[in-house]
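Heads up, the thing below is written out as structure tokens.
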Amino acid sequence: MPAPNPDPRRDLREQLRDAAVAAGLQEVITYPLTSPELLASVSPPSMLETHPPLRLENPMNVEQSVMRTSLRASILQSLSANLRHERG
């Protein structure tokens, strides 16, 4: 098996991740697609006017029809799902 190519940026990113975990932080990975309604529920109208989300031409479903412009909705959605899972 060949040795991996050195990549200082990747190594720095991994070191920062490790430091964040050691400090008690957690990583959240979510899909970049969301619904316009969910995005509007966590973003001020002025932000959506100046930075409108990109709309997909042919989305698989309405809940994933635009690219998110903020992480707020995705993180809150993940938190809500995790809390429901803990209770159930």
Exercise. Could you pull out all residues at least two apart from R17 that satisfy side chain to side chain contact (heavy atoms under 4.5 Å, CB included)?
Key: E14, E27
Exercise. Evaluate the side-chain proximity of M67 to L33: yes if any heavy-atom separation is below 4.5 Å, no if none is.
Key: yes
Quiz item: Does P59 have any side chain to side chain contact (heavy atoms under 4.5 Å, CB included) partners at least two apart in sequence or in another chain, and if so, which?
Solution: L56, S65
Self-check item: Set of residues satisfying side chain to side chain donor-acceptor pair (under 3.5 Å) with respect to S74, sequence neighbours excluded
Solution: R68
Exercise. Kindly indicate, with the supporting measurements, whether the criterion side chain to side chain contact (heavy atoms under 4.5 Å, CB included) is fulfilled by L16 and R13.
Key: CA-CA 5 Å; L16 290 172; R13 207 171 26 244; 5.8 Å; no
Quiz item: Please, which pairs that meet side chain to side chain donor-acceptor pair (under 3.5 Å) have at least one residue in residues 33-47, sequence neighbours excluded?
Solution: none
Practice problem: List for me each residue that meets side chain to side chain donor-acceptor pair (under 3.5 Å) alongside T50, sequence neighbours excluded, and say none if there are none. | Solution: none
Exercise. Starting from I29, walk the hydrophobic network (Ile, Leu, Val, Met, Phe, Trp, Tyr; side-chain heavy atoms closer than 4.5 Å) and list everyone else you reach, by chain and number.
Key: none
Exercise. Under 4.5 Å between side-chain heavy atoms, chaining through other members, with only Ile, Leu, Val, Met, Phe, Trp and Tyr counted: pull out the rest of the cluster around M1, sorted by chain and number.
Key: none
Quiz item: If you group Ile, Leu, Val, Met, Phe, Trp and Tyr whenever their side-chain heavy atoms sit less than 4.5 Å apart, what else falls in with L76?
Solution: V42
Practice problem: Could you identify which residues cluster with I75, counting Ile, Leu, Val, Met, Phe, Trp and Tyr as linked when any side-chain heavy atoms lie under 4.5 Å apart, either directly or through a chain of such contacts? | Solution: V28, L71
Quiz item: Which residues pass the side chain to side chain contact (heavy atoms under 4.5 Å, CB included) test with V21, sequence neighbours left out?
Solution: none
Quiz item: Sequence neighbours excluded, which residues qualify as salt bridge (charged side-chain N to carboxylate O under 4.0 Å, His left out) partners of E49?
Solution: none
Self-check item: Sequence-distant partners of N61, side chain to side chain contact (heavy atoms under 4.5 Å, CB included), two or more places apart
Solution: E63, Q64
Quiz item: Shortest non-hydrogen contact from L38 to A73?
Solution: CG-CB, 3.7 Å
Exercise. Could you go through the side chain to side chain contact (heavy atoms under 4.5 Å, CB included) check for Q77 and T30 one step at a time?
Key: CA-CA 9 Å; Q77 205 170 27; T30 61; over 6 Å; no
Self-check item: Interatomic spacing from CZ in R72 to OG1 in T69 - rounded to 0.5 Å
Solution: 8.0 Å
Quiz item: How close do V66 and P53 get, heavy atom to heavy atom, and via which atoms?
Solution: CB-CB, 3.9 Å
